[in-house]
There are 2 protein chains.
Amino acid sequence: MNSLRTGEVAQKLGLSAQTLYFYERIGLIPSPQRSPSGYRLFGDRDVARLSFILRVKALGLSLDEIKEILLLYDGESLTCQAIRDRLQHKVQELDQKIHRLQALRNELAPLVKECQSFLSQPSPDGECSALRDITGIGGNQDA
Amino acid sequence: MNSLRTGEVAQKLGLSAQTLYFYERIGLIPSPQRSPSGYRLFGDRDVARLSFILRVKALGLSLDEIKEILLLYDGESLTCQAIRDRLQHKVQELDQKIHRLQALRNELAPLVKECQSFLSQPSPDGECSALRDITGIGGNQDA
DNA sequence: CTACACCCTATACTTCGGTATAGGGTCAAG
DNA sequence: CTTGACCCTATACCGAAGTATAGGGTGTAG
(Lines give C-alpha, C1' and ligand atoms only; values in the text may rest on other atoms or scores of the structure.)
Protein backbone atom coordinates (compact mmCIF):
# COMPACT_ATOMS: atom_id res chain seq x y z
CA MET A 1 0.00 0.00 0.00
CA ASN A 2 2.75 2.43 -0.84
CA SER A 3 1.43 5.64 -2.25
CA LEU A 4 3.21 8.34 -4.16
CA ARG A 5 2.52 12.03 -4.39
CA THR A 6 1.95 13.84 -7.63
CA GLY A 7 5.53 14.90 -8.13
CA GLU A 8 6.83 11.42 -7.44
CA VAL A 9 4.50 9.80 -9.92
CA ALA A 10 5.31 12.46 -12.47
CA GLN A 11 9.02 11.88 -11.99
CA LYS A 12 8.67 8.12 -12.15
CA LEU A 13 6.65 8.15 -15.36
CA GLY A 14 8.32 11.08 -17.04
CA LEU A 15 5.28 13.35 -16.99
CA SER A 16 4.70 16.77 -15.49
CA ALA A 17 2.39 17.26 -12.54
CA GLN A 18 0.21 19.41 -14.77
CA THR A 19 -0.21 16.52 -17.16
CA LEU A 20 -1.42 14.32 -14.32
CA TYR A 21 -3.98 16.94 -13.34
CA PHE A 22 -4.95 17.11 -16.98
CA TYR A 23 -5.46 13.35 -17.28
CA GLU A 24 -7.58 13.44 -14.18
CA ARG A 25 -9.61 16.36 -15.47
CA ILE A 26 -10.45 14.66 -18.73
CA GLY A 27 -11.44 11.50 -16.89
CA LEU A 28 -8.61 9.32 -18.13
CA ILE A 29 -7.75 8.41 -14.57
CA PRO A 30 -9.99 8.52 -11.51
CA SER A 31 -9.36 11.06 -8.78
CA PRO A 32 -6.81 9.40 -6.51
CA GLN A 33 -7.05 9.40 -2.72
CA ARG A 34 -6.06 12.48 -0.85
CA SER A 35 -4.01 13.08 2.23
CA PRO A 36 -5.71 15.01 5.07
CA SER A 37 -4.22 18.19 3.69
CA GLY A 38 -5.46 17.54 0.20
CA TYR A 39 -2.38 16.09 -1.48
CA ARG A 40 -3.05 13.41 -4.05
CA LEU A 41 -1.88 9.94 -3.07
CA PHE A 42 -1.44 7.60 -6.01
CA GLY A 43 -1.61 3.90 -5.16
CA ASP A 44 -0.13 1.02 -7.10
CA ARG A 45 -3.23 0.62 -9.20
CA ASP A 46 -3.24 4.28 -10.11
CA VAL A 47 0.36 4.06 -11.20
CA ALA A 48 -0.32 0.85 -13.11
CA ARG A 49 -3.19 2.52 -14.92
CA LEU A 50 -0.97 5.43 -15.84
CA SER A 51 1.72 3.06 -17.08
CA PHE A 52 -0.86 1.35 -19.21
CA ILE A 53 -1.95 4.68 -20.63
CA LEU A 54 1.60 5.59 -21.52
CA ARG A 55 2.29 2.21 -23.03
CA VAL A 56 -0.74 2.35 -25.27
CA LYS A 57 -0.17 6.00 -26.06
CA ALA A 58 3.29 5.08 -27.28
CA LEU A 59 1.57 2.66 -29.65
CA GLY A 60 -0.09 5.69 -31.17
CA LEU A 61 -3.61 5.58 -29.77
CA SER A 62 -5.20 8.91 -28.93
CA LEU A 63 -6.24 9.74 -25.39
CA ASP A 64 -9.84 9.34 -26.44
CA GLU A 65 -9.19 5.88 -27.80
CA ILE A 66 -7.37 4.96 -24.62
CA LYS A 67 -10.25 6.30 -22.58
CA GLU A 68 -12.61 4.08 -24.50
CA ILE A 69 -10.47 1.04 -23.79
CA LEU A 70 -10.25 1.96 -20.12
CA LEU A 71 -14.02 2.25 -19.93
CA LEU A 72 -14.26 -1.36 -21.07
CA TYR A 73 -11.60 -2.21 -18.56
CA ASP A 74 -13.43 -0.46 -15.77
CA GLY A 75 -16.57 -2.37 -16.70
CA GLU A 76 -14.50 -5.59 -16.57
CA SER A 77 -15.41 -6.25 -20.15
CA LEU A 78 -12.00 -5.68 -21.62
CA THR A 79 -11.88 -8.70 -23.85
CA CYS A 80 -9.35 -9.79 -26.35
CA GLN A 81 -11.96 -9.20 -29.02
CA ALA A 82 -12.51 -5.60 -27.92
CA ILE A 83 -8.82 -4.82 -27.97
CA ARG A 84 -8.42 -6.57 -31.28
CA ASP A 85 -11.17 -4.52 -32.89
CA ARG A 86 -9.65 -1.26 -31.74
CA LEU A 87 -6.16 -2.18 -32.73
CA GLN A 88 -7.28 -3.40 -36.11
CA HIS A 89 -9.19 -0.21 -36.69
CA LYS A 90 -6.08 1.73 -35.79
CA VAL A 91 -3.92 -0.30 -38.15
CA GLN A 92 -6.38 0.41 -40.95
CA GLU A 93 -6.28 4.09 -40.18
CA LEU A 94 -2.50 4.02 -40.24
CA ASP A 95 -2.52 2.23 -43.57
CA GLN A 96 -4.76 4.88 -45.04
CA LYS A 97 -2.66 7.69 -43.68
CA ILE A 98 0.52 6.10 -44.98
CA HIS A 99 -0.99 5.70 -48.40
CA ARG A 100 -2.12 9.29 -48.53
CA LEU A 101 1.29 10.52 -47.51
CA GLN A 102 2.99 8.30 -50.06
CA ALA A 103 0.73 9.57 -52.80
CA LEU A 104 1.61 13.09 -51.81
CA ARG A 105 5.28 12.30 -51.72
CA ASN A 106 5.12 10.73 -55.14
CA GLU A 107 3.48 13.81 -56.50
CA LEU A 108 6.00 16.13 -54.92
CA ALA A 109 9.22 14.25 -55.59
CA PRO A 110 9.16 14.56 -59.41
CA LEU A 111 8.75 18.31 -59.07
CA VAL A 112 11.94 18.47 -57.06
CA LYS A 113 13.71 16.50 -59.76
CA GLU A 114 12.43 18.79 -62.46
CA CYS A 115 13.79 21.75 -60.56
CA GLN A 116 17.06 19.96 -60.10
CA SER A 117 17.53 19.23 -63.76
CA PHE A 118 16.52 22.75 -64.67
CA LEU A 119 19.10 24.15 -62.29
CA SER A 120 21.89 22.03 -63.72
CA GLN A 121 20.73 22.46 -67.30
CA PRO A 122 18.38 25.40 -67.81
CA SER A 123 16.05 25.03 -70.72
CA PRO A 124 16.26 27.56 -73.57
CA ASP A 125 13.06 29.34 -72.56
CA GLY A 126 14.49 30.01 -69.10
CA GLU A 127 11.53 28.46 -67.37
CA CYS A 128 11.55 25.69 -64.85
CA SER A 129 8.73 23.35 -65.70
CA ALA A 130 8.11 22.53 -62.04
CA LEU A 131 7.62 26.17 -61.28
CA ARG A 132 5.18 26.38 -64.18
CA ASP A 133 3.41 23.24 -62.99
CA ILE A 134 2.90 24.59 -59.53
CA THR A 135 1.97 28.16 -60.20
CA GLY A 136 -0.17 27.05 -63.08
CA ILE A 137 1.25 29.85 -65.18
CA GLY A 138 4.68 31.25 -65.88
CA GLY A 139 7.25 32.59 -63.50
CA ASN A 140 5.18 35.60 -62.58
CA GLN A 141 1.58 35.36 -63.52
CA ASP A 142 0.66 39.07 -63.44
CA ALA A 143 -1.01 39.68 -66.75
CA MET B 1 -11.75 42.74 -65.84
CA ASN B 2 -14.54 40.57 -64.52
CA SER B 3 -14.74 40.59 -60.78
CA LEU B 4 -16.50 38.23 -58.47
CA ARG B 5 -17.98 38.79 -55.07
CA THR B 6 -17.02 36.79 -52.02
CA GLY B 7 -19.78 34.25 -52.34
CA GLU B 8 -19.08 33.66 -56.01
CA VAL B 9 -15.39 33.07 -55.44
CA ALA B 10 -16.17 30.81 -52.52
CA GLN B 11 -18.59 28.82 -54.63
CA LYS B 12 -16.17 28.60 -57.54
CA LEU B 13 -13.28 27.37 -55.44
CA GLY B 14 -15.20 25.27 -52.99
CA LEU B 15 -14.44 27.41 -49.96
CA SER B 16 -16.67 29.21 -47.50
CA ALA B 17 -16.82 32.99 -47.39
CA GLN B 18 -15.48 32.80 -43.86
CA THR B 19 -12.41 30.98 -45.11
CA LEU B 20 -11.76 33.76 -47.60
CA TYR B 21 -11.98 36.33 -44.83
CA PHE B 22 -9.66 34.14 -42.83
CA TYR B 23 -7.07 33.91 -45.62
CA GLU B 24 -7.18 37.64 -45.97
CA ARG B 25 -6.84 38.15 -42.24
CA ILE B 26 -3.72 36.00 -41.98
CA GLY B 27 -2.19 37.79 -44.96
CA LEU B 28 -2.30 34.87 -47.36
CA ILE B 29 -4.10 37.02 -49.90
CA PRO B 30 -4.14 40.81 -50.18
CA SER B 31 -7.30 42.74 -49.44
CA PRO B 32 -9.20 42.77 -52.71
CA GLN B 33 -10.85 45.85 -54.17
CA ARG B 34 -14.15 46.95 -52.76
CA SER B 35 -17.39 48.09 -54.31
CA PRO B 36 -18.69 51.50 -53.23
CA SER B 37 -20.78 49.77 -50.61
CA GLY B 38 -17.88 47.79 -49.25
CA TYR B 39 -18.35 44.45 -50.96
CA ARG B 40 -15.16 42.64 -51.88
CA LEU B 41 -14.49 42.38 -55.59
CA PHE B 42 -12.06 39.63 -56.51
CA GLY B 43 -10.29 40.11 -59.85
CA ASP B 44 -8.73 37.44 -62.03
CA ARG B 45 -5.40 37.73 -60.29
CA ASP B 46 -7.00 37.31 -56.89
CA VAL B 47 -8.76 34.20 -58.06
CA ALA B 48 -5.59 32.89 -59.67
CA ARG B 49 -3.72 33.42 -56.42
CA LEU B 50 -6.37 31.55 -54.52
CA SER B 51 -6.27 28.71 -57.03
CA PHE B 52 -2.55 28.53 -56.58
CA ILE B 53 -2.99 28.40 -52.84
CA LEU B 54 -5.46 25.57 -53.09
CA ARG B 55 -3.30 23.68 -55.57
CA VAL B 56 -0.26 23.86 -53.36
CA LYS B 57 -2.29 23.17 -50.25
CA ALA B 58 -3.54 19.99 -51.89
CA LEU B 59 0.11 19.02 -52.26
CA GLY B 60 0.27 19.12 -48.50
CA LEU B 61 2.02 22.39 -47.74
CA SER B 62 0.82 24.29 -44.71
CA LEU B 63 -0.64 27.76 -45.03
CA ASP B 64 2.53 29.13 -43.47
CA GLU B 65 4.67 27.40 -46.05
CA ILE B 66 2.44 28.69 -48.81
CA LYS B 67 2.65 32.16 -47.38
CA GLU B 68 6.40 31.97 -47.47
CA ILE B 69 6.35 30.96 -51.12
CA LEU B 70 3.92 33.74 -51.94
CA LEU B 71 6.18 36.25 -50.24
CA LEU B 72 8.94 35.27 -52.66
CA TYR B 73 6.44 35.50 -55.45
CA ASP B 74 5.29 38.93 -54.35
CA GLY B 75 8.90 40.02 -54.23
CA GLU B 76 9.26 38.63 -57.76
CA SER B 77 12.05 36.47 -56.49
CA LEU B 78 10.24 33.18 -56.82
CA THR B 79 13.08 31.20 -58.24
CA CYS B 80 13.19 27.61 -59.19
CA GLN B 81 15.80 27.15 -56.50
CA ALA B 82 13.55 28.58 -53.79
CA ILE B 83 10.67 26.33 -54.75
CA ARG B 84 12.96 23.36 -55.02
CA ASP B 85 14.33 23.88 -51.52
CA ARG B 86 10.90 24.06 -50.01
CA LEU B 87 9.59 21.09 -51.90
CA GLN B 88 12.59 18.99 -51.05
CA HIS B 89 12.27 19.87 -47.41
CA LYS B 90 8.62 18.84 -47.54
CA VAL B 91 9.44 15.55 -49.21
CA GLN B 92 11.94 14.80 -46.47
CA GLU B 93 9.36 15.57 -43.84
CA LEU B 94 6.90 13.27 -45.54
CA ASP B 95 9.47 10.50 -45.67
CA GLN B 96 10.06 10.83 -41.96
CA LYS B 97 6.38 10.84 -41.17
CA ILE B 98 5.77 7.80 -43.36
CA HIS B 99 8.56 5.92 -41.64
CA ARG B 100 7.24 6.72 -38.21
CA LEU B 101 3.75 5.57 -39.13
CA GLN B 102 5.08 2.39 -40.66
CA ALA B 103 7.07 1.60 -37.55
CA LEU B 104 3.93 2.09 -35.53
CA ARG B 105 1.91 -0.06 -37.84
CA ASN B 106 4.49 -2.82 -37.65
CA GLU B 107 4.30 -2.76 -33.91
CA LEU B 108 0.52 -2.84 -33.86
CA ALA B 109 -0.18 -5.40 -36.56
CA PRO B 110 1.37 -8.41 -34.75
CA LEU B 111 -0.79 -7.67 -31.72
CA VAL B 112 -3.88 -7.90 -33.88
CA LYS B 113 -2.68 -11.23 -35.23
CA GLU B 114 -2.04 -12.54 -31.75
CA CYS B 115 -5.56 -11.63 -30.76
CA GLN B 116 -6.86 -13.27 -33.91
CA SER B 117 -5.14 -16.55 -33.26
CA PHE B 118 -6.23 -16.51 -29.66
CA LEU B 119 -9.84 -15.99 -30.70
CA SER B 120 -9.77 -18.88 -33.13
CA GLN B 121 -7.68 -21.09 -30.87
CA PRO B 122 -7.69 -19.97 -27.24
CA SER B 123 -4.65 -20.99 -25.28
CA PRO B 124 -5.12 -23.34 -22.29
CA ASP B 125 -4.59 -20.56 -19.74
CA GLY B 126 -7.45 -18.57 -21.27
CA GLU B 127 -5.31 -15.52 -21.76
CA CYS B 128 -4.69 -13.64 -24.92
CA SER B 129 -1.03 -12.80 -25.09
CA ALA B 130 -1.69 -9.52 -26.87
CA LEU B 131 -3.97 -8.41 -24.10
CA ARG B 132 -1.30 -9.37 -21.61
CA ASP B 133 1.32 -7.54 -23.64
CA ILE B 134 -0.71 -4.38 -23.72
CA THR B 135 -2.10 -4.24 -20.24
CA GLY B 136 1.21 -5.41 -18.86
CA ILE B 137 -0.61 -7.85 -16.58
CA GLY B 138 -3.51 -10.23 -16.88
CA GLY B 139 -7.03 -9.60 -18.03
CA ASN B 140 -7.89 -7.41 -15.09
CA GLN B 141 -4.92 -6.16 -13.19
CA ASP B 142 -6.59 -5.35 -9.86
CA ALA B 143 -4.44 -7.01 -7.25
C1' DC C 1 -42.26 48.93 -48.29
C1' DT C 2 -40.96 44.62 -47.12
C1' DA C 3 -38.90 40.32 -47.59
C1' DC C 4 -34.98 37.90 -48.65
C1' DA C 5 -30.46 36.77 -50.18
C1' DC C 6 -26.30 38.28 -49.75
C1' DC C 7 -22.46 40.94 -47.62
C1' DC C 8 -19.73 43.04 -43.69
C1' DT C 9 -17.05 43.02 -38.98
C1' DA C 10 -15.77 41.23 -34.65
C1' DT C 11 -15.52 37.81 -31.49
C1' DA C 12 -15.69 33.26 -29.67
C1' DC C 13 -15.40 28.50 -30.30
C1' DT C 14 -13.55 23.92 -32.15
C1' DT C 15 -9.81 19.64 -31.70
C1' DC C 16 -5.65 17.70 -29.41
C1' DG C 17 -2.60 17.24 -25.86
C1' DG C 18 -1.05 19.41 -23.16
C1' DT C 19 1.92 23.95 -21.09
C1' DA C 20 2.12 28.31 -18.52
C1' DT C 21 0.72 31.39 -15.16
C1' DA C 22 -1.38 33.39 -11.02
C1' DG C 23 -2.37 33.01 -6.49
C1' DG C 24 -2.52 30.45 -2.70
C1' DG C 25 -1.75 26.24 0.99
C1' DT C 26 1.47 22.59 3.36
C1' DC C 27 5.39 20.74 5.43
C1' DA C 28 10.05 19.99 7.06
C1' DA C 29 14.57 21.99 8.16
C1' DG C 30 17.18 25.43 10.36
C1' DC D 1 9.61 31.96 12.47
C1' DT D 2 11.05 31.88 8.06
C1' DT D 3 12.63 29.86 3.98
C1' DG D 4 12.13 26.76 0.35
C1' DA D 5 10.35 22.81 -1.90
C1' DC D 6 6.44 20.94 -2.86
C1' DC D 7 1.31 20.85 -3.55
C1' DC D 8 -3.39 22.74 -4.85
C1' DT D 9 -7.02 25.17 -8.04
C1' DA D 10 -8.46 27.90 -11.80
C1' DT D 11 -7.66 30.06 -15.84
C1' DA D 12 -5.45 31.26 -20.09
C1' DC D 13 -2.71 29.99 -23.79
C1' DC D 14 -0.21 27.24 -27.80
C1' DG D 15 -0.63 25.78 -33.14
C1' DA D 16 -3.50 24.71 -37.26
C1' DA D 17 -7.05 25.80 -40.03
C1' DG D 18 -10.65 27.16 -39.89
C1' DT D 19 -16.19 27.30 -38.18
C1' DA D 20 -19.96 29.52 -35.75
C1' DT D 21 -22.38 33.25 -34.04
C1' DA D 22 -24.02 37.92 -33.20
C1' DG D 23 -25.37 41.99 -34.96
C1' DG D 24 -25.71 44.86 -38.55
C1' DG D 25 -25.66 46.82 -43.75
C1' DT D 26 -26.95 46.29 -49.01
C1' DG D 27 -29.44 45.31 -53.05
C1' DT D 28 -33.16 43.74 -55.57
C1' DA D 29 -37.79 41.69 -56.59
C1' DG D 30 -42.53 41.89 -55.75
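Values below: all heavy atoms of this structure, side chains included; hydrogens, waters and symmetry mates excluded.
- Remark: P of C:dG24 and OH of A:Y39 are 17 Å apart, rounded to the nearest angstrom.
- Counting non-hydrogen atoms under 4.0 angstrom, B:S62 reaches the backbone sugars and phosphates but no base.
- Shown here for B:A10 and B:A17, the closest heavy-atom pair between the two residues is CB-N, 3.9 Å.
- Listed in residue order, the members of residues 88-98 of chain B having a heavy atom less than 4.0 Å from DNA chain D come to none.
- The nearest heavy atom of DNA chain D to A:F42 and to B:S35 marks one nucleotide each, and the one closer to the 5' end goes with A:F42.
- Side-chain contact annotation: B:Q81 with B:D85, donor-acceptor N/O pair under 3.5 Å present.
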Practice task
Report, as a single string ordered 5' to 3', how protein heavy atoms within less than 4.0 Å touch nucleotides 9-14 of chain D: B base, S sugar-phosphate only, - not at all.
Solution key: BB----
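- Applying the side chain to side chain donor-acceptor pair (under 3.5 Å) definition to pairs two or more places apart or across chains, those involving residues 57-66 of chain B are B:S62-B:E65, B:E65-B:K90.
- OP1 or OP2 of D:dC8 lies within a sub-4.0 Å distance of a side-chain N or O belonging to A:T6.
- Atom P of nucleotide C:dC13 and atom CZ of B:F22 are separated by 18 Å, given to the nearest angstrom.
- The heavy-atom pair separating B:A109 from A:V91 by the smallest distance is N-CG2, 4.0 Å.
- Residue whose closest nucleotide on DNA chain C sits further toward the 5' end, between A:S16 and B:L41: B:L41.
- Proximity of B:S37 to the phosphate of D:dG25: no side-chain N or O atom is located under 4.0 Å from OP1 or OP2.
- With hydrogens and angles left out, the side chain of A:Y23 and the base of C:dG17 share no donor-acceptor pair within 3.5 Å.
- Residue order along DNA chain C, read from the 5' end via each residue's closest nucleotide, puts A:L15 first among A:R5 and A:L15.
- Look at B:K57 and you won't find any side-chain N or O under 4.0 angstrom from OP1 or OP2 of D:dA16.
- B:D46 places none of its side-chain heavy atoms less than 4.5 Å from the side chain of B:L4.
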